[in-house]
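Residue numbering restarts at 1 for every chain, and letters A, B, ... go by the order of the sequence lines. Predicted model, so just to flag it, every value in this text is computed and none were measured.
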Amino acid sequence: MQRRLPLFTALALALAATATPVAAQTFAITNAHLVTPGPVGEVPNGTVLVRDGRIAAAGANVAVPAGMRTIDAQGATVTPGLVAVNTALGLLEVNSVSGSVDNKTKNSGISASFDVQYGLNPDSTLIPIARLGGVTHAVVMPDYDDSDQERELPFAGKAALISLGEGTNILHRPGVGMMLELGEDGAARIGGSRAAEFVQLRQIFDLVRQPPRDEYPFELSQADVAALKPVLAGTMPLIVVVHRAADIQQVLKLARDYRLKIILSGAEEAWRVAGEIAAAKVPVLINPTSNIPSNFDMLGASLRNAAVLKAAGVEIAIGGNDAGHRVREMRYNAGLAVSRGLPYADGIEALTLAPARIFGVADQLGSIAPGKSADIVIWDGDPLEPLTQPTAIFIAGREQPLTSRATELGKRYAP
Amino acid sequence: MTRQTSDTTPRPNGRHIARAALLGTALALLAGCSAAASSARPAEAPPPPAEAAGPAPQPFASTYHPRPAADTAIVGASILTATGQKIDKGTILMAAGKIVAVGADVAVPAGVRVIDGTGKWVTPGIIDAHSHLGVFPAPGVQGHADGNENIDPYTAHVWAEHSIWPQDPVFTKARAGGVTSLLILPGSANLFGGRGVSVKNVPAVTVQQMKFPGAPYTLKMACGENPKGRYGSRGRAPATRMGEVAGFRRAWIDAAEYARKVDAYEKKRARGEGGEAPKRDLGLETLAGVLKGDILVQNHCYRADEMAVMLDVGHEFGYKTRAFHHAVEAYKIADLLVADDVCVATWATRWGFKMEAYDAIEENAAILSKAGVCVAIHSDEQRLIQRLNVESAVAIAAGRRAGIDIPQEEAIKWITINPAKIMGIADSTGSLEPGKMADVVLWSKNPFSVYAIAEKVFIDGALVLDTSDPATRYRSDFEIGQPVGEE
């Protein structure tokens, strides 16, 4: 496919100030270079109709009803909003300020039952900053508090999907997955060996399937066991952070044995067992730039991970460079994967429809298609290029401000 | 979760070595090496007494030798020279390890290897003015954590080069990102972290084989949250920012006194008078080197107000800061930085990991560039060092968004000549000018594109990486026999 060079396109966003709130979510985008996964695909000169915050029609031959407010994209690239994975957006302000960090707990009675949906802060300054990278939704995941080295802590808790739309209830869907970290760091929380870790996990899964007890071993609370029920029922995916190829194979076996629905995350050595992952139909959340042999779990880390996985038929979603402040870099990470052999359309999909599918919301999010939420970004160039910026962002049809605390600071000192 | 070696993530605490024992070891090493090093010293340099203060010999001297290099011309490429020029369909001619000519009309002599650069881009080798490769290497295990002598806030006596592990596999990955030279610094736990060292990014077994010939030493200093957090939490000074500044001032008073004593002894010696040489003090020797202007100050400092205070500390004691590092609030004091001719080494994307990084903005570099500050985009990180070009593109785009258009022929300076200036090596590398070291990158595309790949990397004219030749894909000893991934 043809990639557009970065061009600054001055968009005439003729937004009627007098429009009613509902009318504001009804409009057309014309002269758009549509780049979206799904049936609409790439359309050099397309139109998108948005009605009441949902996409009514999209494609090459879409007529704009008379009188509908129209935004002329002047040939600019138009994509679905990006769906970030592996984030702590809304749970984090400043990493070193513990009072502003809500993605982990020291509470020993709460591990699997930890639920990020209750800690969300819609006023976090990280949200507009991620949004300026074209991110309209994010999977928010719990992490581990390792300050108590004696604490046995296999599960970090429940993830949620949030909307980054201004002035909305940001919680989109709670309980989209259960977090479990394995490998070197995971094993350290269960006695220091992965050989112990898998034995203990199997015991825990067996306990969850049995009738309730008054007390549980392994520092599990009643709430934790209840939280694991949907995981064992196969209705809530288990998001497994894992790096080494051999560990990935063990996880695939564990998932087969207990009929778990799993999502791999991290997975730096996944390329070495790509065929097995594809055969198990297990999706993978990756950062394609994670190519440092940081420990003995990921000596095989490679910039080619994304391309090899996709070529083997594995569904991949591409994340940013940390859980919060650097989520906006996810599009460059997809670009880097493309530079190392990932097909361009797959790079776009790994930021949009793939994460939506992996977390069960592809009927609403992730592509420009009739019936879906009007989460749309207009760009002044190729969205995977760092020289490109969004020129308009819509979430559920609502236009978002192109400002953040950081842009306001810049304006103050360089007016 | 993934651990990175950077300012943003805490590093594993190394086992504490008693300071006295460490000093003893360092002195013993020095004594043991001075004889061996003397052969590399110019014959006319008088050997000073080994234990006396004063002009030191050159211990740990560079043994870097350029690789054999074929005379080479790259023709038909877009060339960003880092002198403010962009040459379309240009030619760069390299011979005997040096740049001979750069321009649109350069005659290529017979017998020279010619590389077709049509559709490709040429830049100077990328330079990172803030790296911890080798001192915080991969794998990032405790046995490798050698970048912070964090048992005392005053460790001007330690040298990063004594920690560098040349087998760090990330050197190779940085080379694949076009990095030809880098400044390796101690960490930022201490007020005075120790000496940094400039290296050429070549495969090597010893650090001496990497040391950039003739590069000046640098001194790492750190203000703000790291030192006060490290020591205040242990019930000792500095516990506050005011405690840090008091600590700096006290150290410079000691350094000035030491420098006076050494100078007085040297003058006496020059007059042929006797007298006992002052005992060498490695830490004060480094600080005295700063006061003499021989050693360049690299000051880790985030906030605008702190940088302004540190500039005044420099004024009070008569030293100059070569660069503020990280400096995420430098955009608030561009005028002060211009007035004092201080460079800035910063990021575009990193922010918010601690309070002093909360006001970081992507357009920092663009604002500073427009104001005339010498600004560099640095990495401080293992992944980012592989794509300083992409990080620079983020800063360009943010500048445009804010109405500041920094042309690419200017922005390329952020990762070439400006870091070279910060490191004191701008006379020999960092731009494409005749007579300079042939440190050159041939990119597959415009280097500010995320899709650009450094296809050919030359160091002193030698082709040290060629993506079309797997034989040039160096594996460090650590990677031998391991299931390592491509790139």
Side-chain angles (χ1 to χ4, degrees), chain A residues 3 6 8 92-97 125-126 129 143-144 181 185 241 243 245 266 268-269 271-272 287 289-296 298-305 321-326 328-329 332 335-336 338-340 382 384-389 402 406-407 409-411 413-414, chain B residues 1-5 8 138-141 169-170 173 225 229 331-332 334 348-355 357-364 366-367 370-371 382-383 386-387 390-394 396-398 400-404 444 448-453 478-479 482-487:
Chain A
R3 277 178 226 128
F8 185 79
L92 170 67
E93 192 65 28
V94 178
N95 303 60
S96 68
V97 178
T125 63
L126 282 74
I129 283 180
D143 200 351
Y144 293 87
E181 182 171 18
D185 290 346
V241 180
H243 313 285
E268 281 79 3
E269 290 195 347
W271 62 274
R272 297 178 64 204
N287 180 342
T289 73
S290 180
N291 71 333
I292 303 296
S294 303
N295 54 40
F296 284 88
M298 52 176 101
L299 297 179
S302 166
L303 289 184
R304 304 222 169 237
N305 199 19
N321 286 332
D322 69 10
H325 304 87
R326 300 176 66 186
R328 61 186 170 189
E329 296 166 53
Y332 321 141
L336 286 158
V338 169
S339 81
R340 299 307 197 280
D382 174 354
L384 305 191
E385 285 280 21
L387 288 177
T388 298
Q389 295 279 352
L402 293 175
T407 63
L409 275 170
K411 213 168 158 186
Y413 287 93
Chain B
M1 302 283 166
T2 308
R3 292 201 180 99
Q4 295 176 36
T5 13
T8 58
V141 296
V170 188
K173 292 180 188 286
E225 291 186 37
Y331 67 92
K332 299 181 182 178
T349 56
R350 285 171 67 179
W351 74 282
F353 42 92
K354 48 184 170 175
M355 275 315 295
Y358 198 48
D359 285 5
I361 63 173
E362 290 176 301
E363 54 267 48
N364 194 21
I367 292 172
K370 189 189 171 197
Q382 295 166 311
R383 290 187 204 168
Q386 303 173 58
R387 55 193 67 91
V390 172
E391 186 79 357
S392 301
V394 174
I396 294 173
R400 285 183 193 163
R401 184 179 60 198
I404 301 166
S444 60
F448 297 106
S449 165
V450 75
Y451 308 115
I453 288 176
F478 176 76
E479 295 173 291
Q482 302 272 22
V484 292
E486 205 179 324
E487 300 187 85

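- The most heavy-atom pairs under 4.5 Å with chain B, out of A/V97, A/L409, A/N291, A/N305, come from A/N291.
- One N or O on the side chain of A/E385 and one on the backbone of B/V450 form a donor-acceptor pair closer than 3.5 Å.
- The candidate from A/A323, A/P386, A/S339 with the greatest count of non-hydrogen atom pairs under 4.5 Å with chain B is A/P386.
- Interface remark: A/N287 contributes side-chain atoms only to the contact with chain B (heavy atom separation under 4.5 Å).
- The candidate with the highest count of non-hydrogen atom pairs below 4.5 Å against chain A, out of B/A366, B/A393, B/P169, is B/A393.
- Of the listed residues (A/A414, A/P293, A/G266), the greatest number of heavy-atom pairs within a distance under 4.5 Å of chain B belongs to A/P293.
- Heavy-atom pairs under 4.5 Å with chain A were tallied for B/V170, B/I404, B/I453; the largest tally goes to B/I453.
- Distance check, rounded to the nearest 0.5 Å: CZ of B/F353 to CG of A/D322 gives 10.0 Å.
- Atom CE of residue B/M355 and atom OG of residue A/S96 lie 7.5 Å apart, to the nearest 0.5 angstrom.
- For B/K370, the NZ atom sits in a loose shell: 12 or fewer heavy atoms of surrounding residues, nucleotides or ligands are nearer than 6.0 Å.
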* List the steps, then state whether side chain to side chain contact (heavy atoms under 4.5 Å, CB included) holds for B/R350 with A/H325. => CA-CA 7 Å; B/R350 285 171 67 179; A/H325 304 87; over 6 Å; no

* Apply side chain to side chain contact (heavy atoms under 4.5 Å, CB included) to B/Q386 and A/I292, showing your working. => CA-CA 11 Å; B/Q386 303 173 58; A/I292 303 296; 3.5 Å; yes

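- Comparing B/W351, B/Y331, B/F478, B/F448 by how many heavy-atom pairs each has under 4.5 Å with chain A, the most go to B/W351.
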* To do: Kindly indicate, with the supporting measurements, whether the criterion salt bridge (charged side-chain N to carboxylate O under 4.0 Å, His left out) is fulfilled by B/R387 and A/E329.
  => CA-CA 13 Å; B/R387 55 193 67 91; A/E329 296 166 53; over 6 Å; no

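- Using a 4.5 Å cut-off between heavy atoms, A/L126 touches chain B through backbone and side chain atoms alike.
- Interface summary for chain A: among B/E225, B/E391, B/E363, B/K173, the most heavy-atom pairs under 4.5 angstrom belong to B/K173.
- In this structure, the portion of B/A348 lying under 4.5 Å from any heavy atom of chain A is its backbone and not its side chain.
- Atom CD of residue A/Q389 and atom CZ of residue B/R400 lie 9.5 Å apart, to the nearest 0.5 angstrom.
- At least one donor-acceptor pair closer than 3.5 Å links the side chain of A/S302 to the backbone N or O of B/E486.
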* I would like to know whether A/Y413 and B/I361 meet side chain to side chain contact (heavy atoms under 4.5 Å, CB included); could you show each step before the answer? => CA-CA 11 Å; A/Y413 287 93; B/I361 63 173; over 6 Å; no

